[in-house]
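Take a look at the structure below.
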Amino acid sequence: MRSVVRIINRKQNKGSKVSQTARTIVSVTILTVCLGGNDFASIAPKSECGDIEKESVLYSPGKWNAAEQHVVTVQRLRVHYIESGTGRTVVMIHGNAGSVEDFEFGVVERLSREYRVIAVDRPGHGRSDRPAGKTATVEYQAELLHRTLSRLGITQPILVGHSWGAALALAYELKYPDEVSAMVLLAPAAYPEESGNGLLRATIRMPIVGDFSLLIGKTIMGRIMLKRNLARAFYPQTVPDSYFKLAVASWLGRKQLKAYLEDEWVLNASLKKMCKRYSEIDIPVVILTGDEDRIVSPKENAYRLHAAIPQSRLIALKDTGHEIPQTHPESIYAALTLISSSSASIGFQPTKRRQYQSE
């Protein structure tokens, strides 16, 4: 923070100090207010391609730790992913904010017994780079994911996307319709909603004021506000202490906060175009939604998406909120089993809604 202040001081003359300070205060205020109503440590990879050090909670003592971490360079960007298991390939895509570690709470362990599981950090999240000077739209991230999977020799995967990651899975299928075998969409963000953060967007894009605002905003928001937002995401379940510690350590870095905000801003524009084409999707799709989701409206997203995609099934999880990967990892396995059994039958039965009650 000191270096930022010094840069600001060097660039200011005496007559501009008051106005610059006022802009900074306004920027911080805007950031704090806007972040307070939303949901939401950069660790550099060891090398451009290959294994990296085992610093993730995936490798914490006493935890299941068969997943291997890797970094691959695609379009001059380092893309971090984990891999585990053998069999049909399942690609996991996290939401916003988040990282591959969102799937560490039972999902990877359960699925890798029967599948080859790949989980990828989206650009700017976790340990993956974000492009400089380029807007990382949903469509761009779909292209980057496609290039990444091609680099790894992965074809016809099952895409499993959570929240914002479900929007990315949808964009991927629409862009590469012959290269996806099926999808499981968890609490999907599929349709545009009102967004009033235009002023915040302009503030964060200011090279100096924006970075300074993020640093101060992080300090002001802190653990209390993050815990409040996570409580909404996990409701009616409570936030696991281990997950809260993970979020504090990895979500509040400048890079991650900026990626989170930019992802929120670009989502609506993409969804407005994408939602007109959902009826074109003709692969098996299982949609999981929590009946108590307070982050992404099931009625305005999951149910509408189910009605739009002919080859889809909707599973409503009882007494469940938004964080399905952490609270009901077994439901993802059930959805994949449903896809496998449906693919083996004469045809995938569309428009059949099911109720899933976890044990």
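- Between His70 and His80, a ring centre-to-centre spacing not shorter than 6.0 Å is recorded.
- Heavy-atom minimum distance, Pro329 versus Val107: CB-CG2, 3.5 Å.
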Working note: Val180 + Gln156, criterion side-chain contact (heavy atoms from CB on, under 4.5 Å); need CA distance, chi angles, decisive distance, verdict. CA-CA 5 Å; Val180 181; Gln156 294 292 314; 5.9 Å; no

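- Of all the heavy atoms in Ala67 and Ser84, the pair that sits closest is CA-CB, 3.9 Å.
- Distance check: Ile315 CD1 to Ile324 CD1 gives 9.5 Å after rounding to the nearest 0.5 Å.
- Linking ILVMFWY side-chain heavy atoms closer than 4.5 Å, directly or via other members, places Tyr235 and Ile295 in two distinct hydrophobic clusters.
- Looking at Val160 and Val91, their side chains never come closer than 4.5 Å, going by heavy atoms from C-beta outward.
- Side-chain contact check for Trp164 versus Val138: some heavy-atom pair is nearer than 4.5 Å.
- When all heavy atoms are compared, the tightest approach of Ala259 to Pro123 is CB-O, 4.0 Å.
- For Phe103 and His94, the gap between ring centers reaches or exceeds 6.0 Å.
- No donor-acceptor pair closer than 3.5 Å links the side chain of Arg116 to the backbone N or O of Val90.
- Salt bridge status for Glu300 with Arg304: present, with a side-chain N to carboxylate O gap under 4.0 Å.
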Test side-chain contact (heavy atoms from CB on, under 4.5 Å) on Thr73 and Val79; report intermediate values, then the result. CA-CA 6 Å; Thr73 301; Val79 180; over 6 Å; no

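- Between the side chain of His146 and the backbone N or O of Gln141, no donor-acceptor pair lies under 3.5 Å.
- Side-chain contact between Glu114 and Thr86 is absent, with no heavy-atom pair separated by less than 4.5 Å.
- Between the side chain of Asn301 and the main chain of Val296, no donor-acceptor pair closer than 3.5 Å is present.
- The line from OG1 of Thr148 to CD1 of Ile118 is 11.0 Å long, rounded to the nearest 0.5 Å.
- Between Thr320 and Gln237, the closest heavy-atom pair is CA-OE1, 4.1 Å.
- Contact annotation: the side chain of Pro310 never approaches that of Asp282 to less than 4.5 Å [non-hydrogen atoms, C-beta and beyond].
- Put simply, the side chain of Asp121 never gets that close to the backbone of Tyr81: no donor and acceptor are under 3.5 Å apart.
- Using a 4.0 Å cut-off between charged nitrogen and carboxylate oxygen, Glu109 and Arg113 count as a salt-bridge pair.
- Residues Phe105 and Leu246 form a side-chain contact, since some pair of their non-hydrogen atoms from C-beta on lies under 4.5 Å apart.
- Under a 3.5 Å cut-off, the side chain of Ser181 and the backbone N or O of Pro157 do form a donor-acceptor pair.
- Contact annotation: the side chain of Lys227 never approaches that of Val239 to less than 4.5 Å [non-hydrogen atoms, C-beta and beyond].
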Can you check side chain to side chain donor-acceptor pair (under 3.5 Å) on Ser270 and Glu139, steps first, answer last? CA-CA 7 Å; Ser270 294; Glu139 293 83 357; 2.8 Å; yes

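- At a threshold of 4.5 Å between non-hydrogen side-chain atoms, the residues Tyr303 and Thr289 count as touching.
- Atom CG of residue Leu111 and atom CE of residue Met92 lie 5.5 Å apart, to the nearest 0.5 angstrom.
- Side chain of Asp102 to main chain of Gly98: no donor-acceptor pair is present (N/O by atom type, distance under 3.5 Å, no hydrogens or angles).
- Here Asp263 pairs with Arg130 in a salt bridge; the nearest charged N to carboxylate O distance falls below 4.0 Å.
- Between the side chains of His125 and Ser99, not a single donor N or O lies within less than 3.5 Å of an accepting N or O.
- Separation of atoms CG (Leu186) and CG (Leu317) is listed at 9.0 Å; rounding is to 0.5 Å.
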For Arg147 and Glu143: C-alpha separation, side-chain torsions, deciding distance, then whether salt bridge (charged side-chain N to carboxylate O under 4.0 Å, His left out) applies. CA-CA 6 Å; Arg147 288 176 179 266; Glu143 178 185 348; 3.3 Å; yes

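- For Tyr140, there are no ring pair (Phe, Tyr, Trp, His ring centres under 6.0 Å) partners two or more places apart in sequence or in a different chain.
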Trace of the side-chain contact (heavy atoms from CB on, under 4.5 Å) decision for Leu336 with Leu338: CA-CA 5 Å; Leu336 290 172; Leu338 181 61; over 6 Å; no

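- Within the 4.5 Å cutoff, the side chain of Leu288 has no heavy atoms near those of the Leu185 side chain.
- Checked against side-chain hydrogen bond (donor to acceptor under 3.5 Å, both in side chains), Glu280 has the following partners two or more places apart in sequence or in another chain: Arg277.
- Residues Ser250 and Gln256 bring no donor and acceptor atom of their side chains to less than 3.5 Å of each other.
- A side-chain donor-acceptor contact under 3.5 Å links Thr327 to the backbone of Glu323.
- Side chain of Arg313 to backbone of Ile287: no donor-acceptor contact under 3.5 angstrom is found.
- Listed by chain and number, the residues in a ring pair (Phe, Tyr, Trp, His ring centres under 6.0 Å) with Phe234 are Tyr243 (sequence neighbours excluded).
- For the atom pair NZ of Lys276 and CG of Leu271, the computed distance is 12.0 Å after rounding to the nearest 0.5 Å.
- Under a cutoff of 6.0 Å and an axis angle of 45°, Arg110 and Tyr333 form a cation-pi pair.
- Scanning both residues, Arg122 and Gly95, for their nearest heavy atoms gives NH2-O, 2.9 Å.
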What verdict does the side-chain contact (heavy atoms from CB on, under 4.5 Å) test give for Leu305 and Leu170, after you've listed the backbone C-alpha separation in whole Å, the side-chain angles of each residue and the deciding distance to 0.1 Å? CA-CA 10 Å; Leu305 185 62; Leu170 287 164; 4.2 Å; yes

Would Asp291 and Lys318 satisfy salt bridge (charged side-chain N to carboxylate O under 4.0 Å, His left out), going step by step from the backbone distance to the final call? CA-CA 6 Å; Asp291 61 352; Lys318 294 181 179 297; 5.9 Å; no

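- Side chain of Glu83 to main chain of Val117: no donor-acceptor pair is present (N/O by atom type, distance under 3.5 Å, no hydrogens or angles).
- One side chain, Asn96 or Glu264, offers a donor N or O that lies under 3.5 Å from an acceptor on the other.
- Taking each heavy atom of Gly126 and Lys255 in turn, the nearest pair found is O-NZ, 3.4 Å.
- If you take OG on Ser150 and CG on Leu152, they are separated by 8.5 Å, rounding to the nearest 0.5 Å.
- Judged by distance alone, with hydrogens and angles left aside, the side-chain atoms of Ser312 form no donor-acceptor pair with the main-chain N or O of Val286 at under 3.5 Å.
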